[in-house]
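The sequence lines fix the lettering, A, B, ..., with proteins before strands; numbering per chain opens at 1.
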Amino acid sequence: MSDDTTRPAGATDGSGPVLSLSGVDSGYGEVQVLDDLSIRLDPGEIVCLVGPNGAGKSTVLKTAFGMLTPWTGTVEYHGRDIGGMAPEEIVREGIGYVPQTDNVFGSLTIDENLRMGGVARDGGLDEVIETLYDRFPIIDRKRTAKAKTLSGGQRQVLAFARALVMEPDVLLIDEPSAGLAPNTADDVFEDVQEVNDMDTAILMVEQNVTKGLGISDRGYVLDQGTVRFEGTPEELLNDEEVSQLYLGG
Amino acid sequence: MTVLGYLANGLVFSSIIVLGSIGLSLVYSIADFANFAHGDTMTIGAYAALVTFGAVGGLGGAVLGLPYGFFLALVVGIAVAAVVAVGTEKLIYEPLDVDSIGLLITSIGIAFIYRAVIQIRFGSDFTRFGIQPLRPIESLVPYGVRVTLHDVAIVGSAVVLVGGLHVLLQYTDLGRKMRAMADNPDLARVSGIRTKRVKLWTWVIGAGLAGAGGVFLGLFNQLSPRMGFNLLLVIFAAVILGGIGSVYGAMAGGFLIGMINQLTPFFSNVVEALPIWPGWLAAIVRGLISIEYANAIAFVIMVVVLLVRPNGIAGEGAT
Amino acid sequence: MSLLDGARGSLTELSRPERWVLGVSAAFALFLLAALLTGALGPTYFLFLVGLAGMYALLSFGLNAQWGFTGLINFSVAAFFGIGAYGSALMTADSSPIAGGFNPLVGLVVALVVAFVLALLIGIPTLRLRADYLAIASLGLAEVVRLIVLNERWLTNGSAGLRGIPSFFQGWPVLSTFPEAMPGLRLVVIPGSPILLETSFWQSLLNVMLVLTFAGVTYLVLRRAHRSPWGRVLRTIRSDEDLARALGKNTYSFKMQSFILGSLIMALAGVFYTHLNLYVGPGDLDPITTFYAWVAVILGGSGSNRGALFGGIVIVTIREGTRFLNDVALPIDPAPLRLLLIGVVIVAVMRYRPQGILPPQRELIWPSAVDGGGTPETPDSGVREQKGGGSNE
Amino acid sequence: MSEGALPKQDAVLRVDDLQKSFGGLAATDHASFAVERGTITGLIGPNGAGKSTLFNLISGFYEPDGGTVEVNETDVTGMEPYQVADHGLIRTFQTPRKLEGMTVREAMLVGPRNQPGESFVKLFAAPGTVAERESTNLAEAERILEEFEIDHLATQPATDISGGQMKLVELARAMLAEPEVLLLDEPVAGVNPTLAKKLKDQIRRLNEQGTTFLLIEHDMEFVMDLADPIVVLDQGSVLTEGSPEEVRSDDRVIDAYLGGGT
Amino acid sequence: LSTTDDGGDGSDGSDGGDGSDGGDGGDGSDGSDGGDGTDGDDGSDGGDTGPYQIGMVDSLTGSLSAFGERNQRGVDLALQRVNEVEIDGRELDLIVEDSESENQGGIAAAQKLVNQDGVPFLIGAVGSGVSLAIYESVVQDTDVVQLSQNSTGLNLTDFPGLLRMSPSGRSQSLALSNIISDDGYDEVAITYVNNDYGQSLTDAFVNAWEGDIAYNNPHDQEQQSYSGVISEMDSSGADAWLFITYQAEFATMVNEVYSSGYEAQFYGADSVSGDNVIENTPEGSMEGMKIVVPSAPVEEENYQSFADAFESEYDQQPTSWAAYAYDCVINAALAIQAADEFTGSALRDTVRRVSGPDGEEVTSFEAASQILADGGGPDDVDYQGVSGPIDFDENGDPVGFLQVLEVQDHAYEGIDFVEG
Ligand SMILES: Nc1ncnc2c1ncn2[C@@H]1O[C@H](COP(=O)(O)OP(=O)(O)OP(=O)(O)O)[C@@H](O)[C@H]1O
Ligand SMILES: Nc1ncnc2c1ncn2[C@@H]1O[C@H](COP(=O)(O)OP(=O)(O)OP(=O)(O)O)[C@@H](O)[C@H]1O
Ligand SMILES: [Mg+2]
Ligand SMILES: [Mg+2]
């Protein structure tokens with residue numbers, strides 16, 4: 001998988017990025033989606049990926065999370081190559097992932113969903129879950145309800161909470177605010193920030209560009225599988241071309 | 001025979017069906033296909049126990065009319081069935097890139113292979129464990145209940161196994177992981193569940209229970225290379241009746257089907273006694289509710305139950 | 001012959017696996033031809049096998065119209081097959097306890113009508129419900145039909161079965177006496193091993209013509225239906241019934257149509273079987289037929305008509321071809337060996353051709369409508385565009 | 001509750017005292033409102049307010065516990081979804097539906113209603129008509145795909161597209177059905193803002209051509225721009241309805257839904 | 001590529017009958033009594049030195065595979081016997097095809113044997129239904145000789161062209177009816193396996209039986225439990241229970257009767273007997289049961305030597321199914337040796353005569369073969385089989401001996417003989 005892993009394993013000195021993709025080609029079956037793509041996530045950052053539908057944003061997250069194996073290029077976590085590692089192992093490394101669709105276990109209760117989020121934890125599961133209930137009252141009210149009875153927005157919150165049970169180091173989130181009521185979306189963004197404040201680096205895909213970029217430290221604009229622009233939120237939002245083409249401005 | 005007697009017979013038969021149907025249902029929900037080799041997995045368990053029992057013999061004492069050696073054989077039967085199933089999963093199913101119906105067809109091929117191998121090794125004739133059959137328990141005969149200590153052992157062991165499974169599913173993480181996997185395998189991996197491992201455990205449990213069912217079937221009746229296959233249709237009926245993929249449903253379905261199967265003579269007595277009008281209808285009904293239609297009756301009842309309880313008797317097991 | 005039909009068009013339009021399948025089929029056909037010419041394969045036996053393949057092809061056409069098109073899980077293929085066989089036999093056989101002696105065409109019509117009624121009866125309560133209802137109800141139906149045929153002697157002769165069945169063409173001008181009228185032929189292709197064509201050969205030839213007619217007509221009907229808007233609704237139901245309902249399709253009615261169509265085709269296979277084998281018994285309703293029909297459809301490729309046709313051929317090749325295993329001396333008991341081999345072949349096909357031998361074409365739009373808009377896509381990803389992001393500049 | 005906020009002469013859809021509960025939870029709780037012909041009516045409310053449930057009740061997927069639904073003056077309560085669709089009402093789903101084994105444009109072609117080719121008999125009796133309609137439908141489908149900027153996906157498998165693209169296909173297909181009333185459940189959730197803008201124009205154009213819309217959407221910019229009036233749902237019943245401005249400044253709405261931010 | 005018309009019917013007009021060649025319009029059975037002339041077409045393989053190939057359709061898999069297995073042992077033994085001696089210096093080769101115990105499989109198997117391998121002699125099949133199916137769809141209009149090894153179904157009698165080695169079940173049913181009433185019972189409960197075999201024997205029994213029938217119901221093969229059936233038999237009140245079924249099913253029933261504590265006098269038709277039943281049922285569970293089986297007089301020398309050879313080979317007592325199959329092969333071999341040529345019509349002529357009542361009674365293939373080799377004709381031998389004297393009557397049924405077995409000390413003891 002990796003052609004040149006020069007960095008020593010376990011280099012966690014905090015200077016380098018926590019997660020980086022460099023020169024990655026990836027896709028589904030024989031269909032290539034990502035084309036020589038490079039992005040990085042530094043410690044403590046929130047990075048937002050934006051771009052048109054089908055640009056490959058979700059594919060970036062899937063490749064970083066081992067759901068897809070990079071065809072070429074490397075995926076590094078704290079300097080170690082994790083390209084091609086299975087997702088269930090990557091979770092144990094400290095990366096969490098919230099998928100865009102199908103992100104809850106419909107036939108399990110809310111409580112069980114959260115427990116499933118913590119299968120790889122060593123202990124302290126109950127405490128974490130309680131704090132999550134405190135933080136998200138919208139699901140606290142329905143602890144024993146089957147997740148398939150939740151409304152679209154409730155599901156989104158549950159999925160987010162599920163990924164937090166592991167207290168990950170890096171969180172990959174695919175469109176957290178999609179389908180959320182404005183006030184709930186605000187809550188989620190606040191939560192993202194809060195999680196980030198506890199030293200979790202976050203790589204997020206978001207179509208709600210104003211809010212998404214609003215809480216981010218940096219952003220990438222993806223189109224057709226490659227990075228078209230990179231910069232601070234201000235830079236991106238103020239760039240005429242970017243705004244016109246991608247941000248609906 | 002009294003109603004009680006029929007019920008007792010039904011209970012014994014149900015125990016075996018239940019063991020078969022649980023495994024089928026588990027595999028269905030986790031590995032996501034209807035395993036047509038499940039019946040033949042039962043056969044494997046039975047023959048493994050036969051070989052073991054032949055080798056170790058009685059081993060001294062006995063409980064419930066069964067020598068200790070039989071229990072050892074039972075354990076070996078369970079283990080061999082589990083090992084064969086796990087081996088098949090690793091060798092055949094796991095490398096396959098097909099949908100669930102493709103897996104189903106593959107399992108038909110696997111069933112043929114299992115059966116052929118057993119027939120090559122043991123011949124096609126029937127045989128029994130070398131255990132002396134028992135007379136019915138005297139004290140129960142006055143109530144019209146004619147069961148032997150062996151029957152008690154079958155029901156008892158089945159209860160223990162099913163109870164154990166219940167504990168496993170409800171009070172361990174494995175059970176929850178299995179349900180999560182059944183629900184959404186991709187998300188299960190994303191959550192950190194080692195799905196391959198869970199799947200292997202599922203095979204171990206499902207095939208192990210099937211193996212136990214096979215051993216009991218051999219004790220209850222006899223062993224032949226087609227024994228498990230012949231039971232497959234009934235087991236399928238039980239699983240569907242219980243609500244596909246629901247383990248507790250499969251238990252209930254297996255119980256019900258086993259009962260219905262054994263209660264047909266009783267039904268026909270009841271129908272005889274019913275005042276049905278008009279006469280031709282009575283003739284038809286009586287003609288149809290008779291022993292040669294026993295299997296058909298079981299199926300018809302099953303369909304009726306489904307029409308009344310659309311999700312199977314266990315409620316909303318299926319999704 | 002039929003293969004060429006499925007894969008007609010220029011070779012270059014075929015995907016790699018399709019070419020592979022075509023190649024293997026051609027090689028197989030050549031092999032058969034060589035075997036026929038050298039006398040290694042008896043022509044009468046060959047025709048019997050072709051007839052059998054045709055029969056299985058019909059069965060898998062029928063199941064494909066239900067499962068492959070609409071996703072209806074029917075486990076009573078054997079019952080509909082049996083209804084066809086018995087329906088026709090009861091009308092035409094001397095030994096029929098109820099009617100008998102009618103022209104086989106009457107048998108054909110009666111068989112189809114009975115199958116129609118039965119399909120309706122089982123469809124009405126189950127097709128409104130979730131998909132597995134049909135599965136279980138049909139499992140039960142198969143057993144009920146089998147037991148009735150076995151036990152109701154006044155109706156079906158019970159376990160003795162029905163015999164004295166005429167050939168399908170009895171009472172037809174010319175064809176009814178064709179086999180006897182044909183001279184015995186002696187063809188010498190390779191000196192020393194002449195090929196004899198006698199009455200039984202001509203009879204088999206007639207049978208083959210019959211099944212080719214049945215299968216040919218069925219194929220043409222299904223092919224048109226499959227790529228029509230009608231077929232598209234069925235495929236929508238198969239994948240997401242709620243969506244079809246939301247778009248205003250009466251899914252119950254569509255499912256019923258597909259179920260009945262499939263059942264009629266299965267009954268047609270039964271009618272042919274009756275006049276091929278001239279004997280039917282309750283054993284012919286054994287669930288094993290259902291098994292093999294399913295295997296044929298899946299091995300052929302669910303949802304694909306040419307796959308179903310191919311599946312029929314594959315089943316016969318597997319089942320009857322393994323008989324030649326006997327010719328190889330082996331140290332172990334040969335009895336279950338064939339069973340073993342059938343198992344291995346099934347597993348191997350699923351391993352190496354997981355989507356079936358000839359999966360459906362990727363896109364099925366009414367042919368003339370797409371004439372302008374590019375040719376239908378072929379099933380393999382090799383021909384798809386390389387870049388997912390596409391070209392939206 | 002807010003009966004009579006608007007004149008009710010030409011309601012193409014009327015929901016009256018509709019109720020539906022799941023277990024103990026009243027997902028729809030005596031909800032009443034009407035959609036005037038020719039409007040784009042917005043339906044907003046917090047997550048779990050019962051908006052999608054309401055769609056399911058209207059379109060015949062759920063059987064209401066009480067109350068009635070009228071489409072075009074016909075009582076459609078308790079009808080099958082396809083019958084409701086026959087009365088001119090089509091809905092989309094919040095989570096896009098995937099069609100396996102079809103290409104995107106095939107999946108689109110399921111949309112048009114009453115295609116002659118959907119009759120088995122006509123396939124053989126009148127193949128010409130079938131072919132003709134099929135060609136028109138195909139052309140129309142490709143045109144809409146182009147407008148939605150996903151024409152390059154036309155021959156892709158309908159399952160192998162991105163989440164946002166699926167939403168677009170869902171919307172495009174519903175448009176092909178050419179309904180009188182179109183119920184859209186969060187059409188632009190997950191759709192890129194630039195494209196969402198174009199969709200807005202599409203919807204507006206269709207509306208000008210006579211289609212009435214009932215639109216669930218959480219994207220306030222989108223819905224406030226497009227819809228008038230807006231119905232606000234909370235805990236299964238109508239909290240208020242009115243013009244975007246009225247709704248936006250309603251304290252209860254801000255409290256329950258909009259939050260301080262916007 | 002040359003095409004020649006073989007002149008069709010003209011060439012074999014000599015025998016005056018139709019239906020001899022190619023089965024024109026045929027009722028093939030006619031051929032059996034007429035001495036068909038030679039058939040020019042097939043003469044070509046007369047001079048071969050390779051083995052004579054004949055075919056057999058057997059139940060190698062499927063529900064009757066246990067019978068197929070028993071057949072197979074007899075077949076192997078018989079082939080050994082034949083090939084020790086050889087037929088005019090040529091070996092006998094038997095191609096065995098599997099019927100899967102089903103009509104469809106049986107027909108396909110026979111199709112292959114007849115139309116592919118071109119065998120003129122076909123042994124088959126086990127189940128009566130399958131035998132008939134094969135006859136009707138493959139054999140009927142051809143010259144091929146079909147000899148069923150195991151079918152006892154009554155309606156095979158209606159097909160004179162279809163020979164069988166096992167006697168019709170009618171004689172068994174009559175004998176059973178007599179035995180039961182001689183034992184002093186006037187009421188009987190019957191259960192039979194729900195197929196052609198069980199049904200037709202039961203029908204014959206019911207016709208012959210003068211007393212009451214308290215219970216008469218079929219049961220399906222290969223069920224896991226028959227407790228419903230036996231409990232109904234018990235509550236019918238009859239003390240004599242008649243079982244017309246197969247070993248596996250019967251053994252299940254016996255065990256269930258035993259462990260339910262029911263008591264009754266058992267009777268059974270041939271297929272319920274066997275070492276495997278004895279082995280797999282408890283001591284005393286069938287004490288006093290009477291079974292009627294077709295058999296050669298067991299004390300006779302040929303049976304003894306057969307039984308010895310069988311025991312040394314397979315370490316168990318032969319079953320009647322092994323004996324039938326054994327006799328089928330021997331009979332076929334003799335028919336081949338006696339015939340002028342290796343064609344169906346020639347064999348059809350000799351097959352009955354080599355074991356028919358005319359001629360010298362011999363009890364082994366070797367002895368019979370010797371007579372033929374010494375210039376004897378088919379009528380000079382009367383092969384006495386190990387399953388009976390093998391004299392086919394005009395319906396193709398053998399005139400069999402029946403032996404009455406009684407279970408004593410959990411073993412079968414012959415107590416009587418009945419002429420079929
Ligand atoms: N399972 C799949 N198989 C094949 N191609 C796929 C698959 N999923 C997505 N694609 C293709 O890959 C490309 C990128 O998809 P991806 O899901 O990464 O887009 P995205 O940027 O997340 O878009 P969106 O904002 O719509 O979610 C798309 O063109 C899509 O057609
Ligand atoms: N099938 C069901 N069974 C049980 N409860 C349900 C079911 N469907 C919906 N609910 C409940 O009904 C309430 C309303 O759900 P609905 O999906 O209508 O909300 P919504 O307004 O569409 O929310 P969102 O904006 O998040 O999609 C929720 O609390 C949900 O949990
Ligand atoms: Mg995405
Ligand atoms: Mg919703």
Within this structure, what is the [atom1]-[atom2] distance for the pair [X] and [Y], rounded to the nearest 0.5 Å?
X	Y	atom1	atom2	answer
Gln207(A)	Gln100(A)	CD	CD	8.0 Å
Ser100(B)	Asn35(B)	OG	CG	12.5 Å
Trp71(A)	Asp25(A)	CH2	CG	7.5 Å
Ile90(A)	Arg189(B)	CD1	CZ	9.5 Å
Ile138(A)	Tyr133(A)	CD1	OH	13.5 Å
Lys148(A)	Thr109(A)	NZ	OG1	12.0 Å

* Asked: So Phe236(B) and Phe36(B), would you call those rings parallel, tilted or perpendicular, with 30° and 60° as cut-offs?
  -> tilted
* Asked: Between Phe160(A) and Phe136(A), how do the two ring planes meet: parallel, tilted or perpendicular, split at 30° and 60°?
  -> perpendicular
* What part of Ala182(B) is in contact with chain A, defined as an atom under 4.5 angstrom from a non-hydrogen atom: side chain, backbone, both or neither? -> neither
* Which of these, Thr88(B), Asp40(B), Thr43(B), sits in a side chain to side chain donor-acceptor pair (under 3.5 Å) with Tyr114(B)? -> Thr88(B)
Tell me, side chain or backbone of [X] under 4.5 Å from chain B's heavy atoms, or both, or neither?
X	answer
Ala159(A)	neither
Tyr97(A)	both
Met67(A)	side chain

* Interface residue of largest heavy-atom contact number with chain B, from Val165(A), Ile95(A), Asp102(A), under 4.5 Å -> Asp102(A)
* Considering only heavy atoms, give the residues of residues 196-208 of chain B separated from chain A by less than 4.5 Å, sorted numerically, with 'none' for an empty result. => none
* Structure fact -> Contacts of Ser157(B) meeting side chain to side chain contact (heavy atoms under 4.5 Å, CB included) (sequence neighbours excluded), chain-then-number -> Phe216(B)
* Has Phe112(B) got more than 12 heavy atoms of other residues, nucleotides or ligands less than 6.0 Å from its CZ? -> yes
* So does Asp134(A) have more than 12 non-hydrogen atoms from other groups sitting under 6.0 Å from CG? -> yes
* **Residue-level interface, residues 116-123 of chain A with chain B, non-hydrogen cut-off under 4.5 Å** => Met116(A), Gly117(A), Val119(A)
* Residues of residues 187-203 of chain A with any heavy atom under 4.5 Å of a heavy atom in chain B -> none
* **Residue pair Ser22(A), Glu76(A): steps toward the side chain to side chain donor-acceptor pair (under 3.5 Å) verdict** => CA-CA 8 Å; Ser22(A) 29; Glu76(A) 286 180 4; 5.5 Å; no
* **Any donor-acceptor N/O pair, Ser25(B) side chain to Ser21(B) backbone, under 3.5 Å** => no
* **Flag side-chain contact, heavy atom, 4.5 Å: Ser26(A) against Gln32(A)** => no
